[in-house]
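Data first, discussion second: the structure below is written as structure tokens.
Convention: sequence-line order gives letters A, B, ...; per-chain numbering from 1.
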2 protein chains.
Amino acid sequence: MELRDIEIFLMLAEELHFGRTAERLYVSPARISQVIKAQERFIGAPLFERTSRAVRLTEVGRRLRDDLRPIHAGFQESLERARMASRGVSARLRVGLMPFNFSGLWPLWKAFQRQHPQWEVQVRLAHFQEPFGQLRRGEFDVFLAWLPVEEPDLTVGPTLFTDPRVLTVAEDHPLAVRTSATVEVLGDFPVSAGELKLDYWEEGYLPFQTRRGRTIERGLRARHADEMITAVGMGEIVMPFPSHVAEYWNLPGIRYLPMPDLAPLSYALIWRTESENDLIRALAATARDLGTLNLQT
Amino acid sequence: MELRDIEIFLMLAEELHFGRTAERLYVSPARISQVIKAQERFIGAPLFERTSRAVRLTEVGRRLRDDLRPIHAGFQESLERARMASRGVSARLRVGLMPFNFSGLWPLWKAFQRQHPQWEVQVRLAHFQEPFGQLRRGEFDVFLAWLPVEEPDLTVGPTLFTDPRVLTVAEDHPLAVRTSATVEVLGDFPVSAGELKLDYWEEGYLPFQTRRGRTIERGLRARHADEMITAVGMGEIVMPFPSHVAEYWNLPGIRYLPMPDLAPLSYALIWRTESENDLIRALAATARDLGTLNLQT
DNA sequence: ATATCTCGATGTCCCGTAGCTCCACCGTGG
DNA sequence: CCACGGTGGAGCTACGGGACATCGAGATAT
């Protein structure tokens, strides 16, 4: 059995669906079936129970998954460490953020790199469904979240920047003729949201109701910001963002309307309290030294 | 990188010799070279320093070896456990012994299997260079050694059998005409020995000198008992064994001469005190129930 | 109850490449 | 100058993987 097979087995054990597993690994469903079949021949017992409607792990399969998962992860890490060492990097800090937040933070990355050349910052894409889950699962070490964040197991670090809001609308949208927008108009047009599963935090980004009590309808459940801005471009939704997205997306068909009555967003570094380490402290220190950037232009 | 590559890397890291690595893995030396080269390209730094006379690990390579070794072992174990589970076996006890000891122990294996059908005994070949090393490294859980064994980290369990000695000689050897042999004659002909690196234990098998003080010359350093008996057949050496080997090797060209003045050998189960477990205790109990077999015929 | 549809796993045939061998070459220490 | 041992290159083959057809079983409809 080769590593590729292990990867397929673990992915299937997670997805419990041959087709989706194939998609995520960029191979055909038939291949998944072949590989699993071969593994079962090798092990000598079925690893999955397949009915035409559902795939379930057998007892043997469950046990194997539990055994192999940490080992597989450890393996990837070992290779990663070796590759870092070959570049003279002794450790790596993975920062999760929404991609449009990246550009505004050049000063931070540069300062950190200058102060700690032996460490490396990797920026990873956070998605709009349970980003705290990604943080808690260890997919990244630090997460750049808007405030407020109040989670017992997470530490809220320094605030990196505060940014007023703009409403993005398609250029042929009824609102596009205006020069600014109020929260109130969001009662008239659907907006987007991720599946955050954390109401107070979603509300920190955008309230569920206007001041006059009208519901702000979440029309599109998006996984990534790209989907949102695309839907804005198509005129399906309108969407408030921190204003610095205008630098990130200077798309021809999009208008940015200031939203003076929506409070500016503050973004801060968040991390799991129990896995705080030197790298995280160093990044936080660098951030504190730079102070909170005020992006108001 | 696939598991096969890891295996090659680890084997080379142990052997530090491309040719021997290739032999042990049954591939061509060129293949080893190609694979290592590819790994170095992937990692981004040399893993081995090659001079025309020696191969050494680099710092990165050493680190990678230390990281990967336990992980690789873990993989193999996980798969092994799954395969056992598929046969309804929940654990496995690996017993190391010299192959010619195996046949006399049928009653023990059978009794153990009857008492504990959910456990499996695997017999592994112990070699004549540092067998205690194999035990300590975990290549097997229990080792069948002749006595005395006095090692601080090892437990000496029940004695399985006691067996008088025979001297094996080729049928055309000068000694073959006799009906028995004394230790004294070993001063005249070379014998074999492993590289045991443990004098008191080697001496337990065969003294270094005859009673009259003549040296018993170790003519052949053998890794396995097969090599010894082959050399005996060729007339190069003579060799004392416990007498039950006569059942194991009933080779036409070999004579077995009783050695009344060499003390019978006792074989006992030995294990690492700190890794004693239920299986080991169960095997020891079964052995005690059977009592010490007296193989004197 | 039967027929039809749809979803999702799997068998089969086929292709391209990765894994491997063979052989020639070359650097270095005895 | 030889011999040992690592490496480059050409070539073969088996295996990883895709395309497509098929099949079993819920779901839906008449």
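In terms of phosphate contacts, A:Lys37 brings a side-chain nitrogen or oxygen within less than 4.0 Å of OP1 or OP2 of C:dG11. Checking the phosphate oxygens (OP1, OP2) of D:dG5, no side-chain nitrogen or oxygen of B:Arg50 falls inside 4.0 Å.
Distance CG (B:Leu25) to P (C:dG19): 15 Å, rounded to an integer number of Å. B:Arg56 has its CZ atom 17 Å from the P atom of D:dG5, to the nearest Å. As a whole-Å value, the separation of A:Arg4 CZ from C:dA18 C1' is 14 Å. Rounded to whole Å, the distance from CD on A:Glu40 to C1' on C:dA9 is 12 Å. Distance, A:Met1 CE to D:dG16 P: 12 Å, rounded to whole Å. Spacing between atom CG of B:Leu12 and atom C1' of D:dG5 amounts to 12 Å, rounded to whole angstrom units. Rounded to whole angstrom, the span from the CG atom of B:Leu3 across to the C1' atom of C:dA18 amounts to 16 Å. Between the CD atom of A:Gln39 and the C1' atom of D:dC15 there is a distance of 15 Å, given to the nearest Å.
Looking at B:Arg31, B:Arg4, B:Arg20 one by one, the single match for side-chain contact (heavy atoms from CB on, under 4.5 Å) with B:Leu25 turns out to be B:Arg4.
Nearest nucleotide to the B:Gln34 side chain, out of D:dG6, D:dG17, C:dC20: C:dC20. Checking D:dG9, C:dA9, D:dC20 against the side-chain heavy atoms of A:Phe18 singles out C:dA9 as nearest. Taking every side-chain heavy atom of A:His17 into account, C:dG8 is the closest of D:dG18, C:dG8, C:dC22. Looking at the side chain of B:Arg53, the nearest of the listed nucleotides C:dG11, D:dG18, D:dC4 is D:dC4. Checking C:dG8, C:dT10, D:dG16 against every side-chain atom of A:Arg31, the shortest atom distance belongs to D:dG16. Nearest to the side chain of A:Val27, among C:dT10, C:dT21, D:dG18, sits D:dG18.
Where A:Ile8 and B:Ile32 each meet DNA chain D at their nearest nucleotide, the meeting point lying more 5' is that of B:Ile32.
Ring geometry for A:Phe102 versus A:Trp109: interplanar angle under 30°, hence parallel rather than tilted (30 to 60°).
The residue A:Tyr26 sits close only to the backbone: its heavy atoms come under 4.0 Å of sugar-phosphate atoms, none of a base. At the heavy-atom level, A:Val55 lies under 4.0 Å from the strands shown only through sugar-phosphate atoms.
Salt bridge status for B:Asp188 with B:Arg214: present, with a side-chain N to carboxylate O gap under 4.0 Å.
In this structure, A:Phe75 has its ring center at least 6.0 angstrom away from the ring center of B:His72.
Cation-pi geometry between B:Arg83 and A:Phe42 is met: under 6.0 angstrom from the ring centre, within 45 degrees of the axis.
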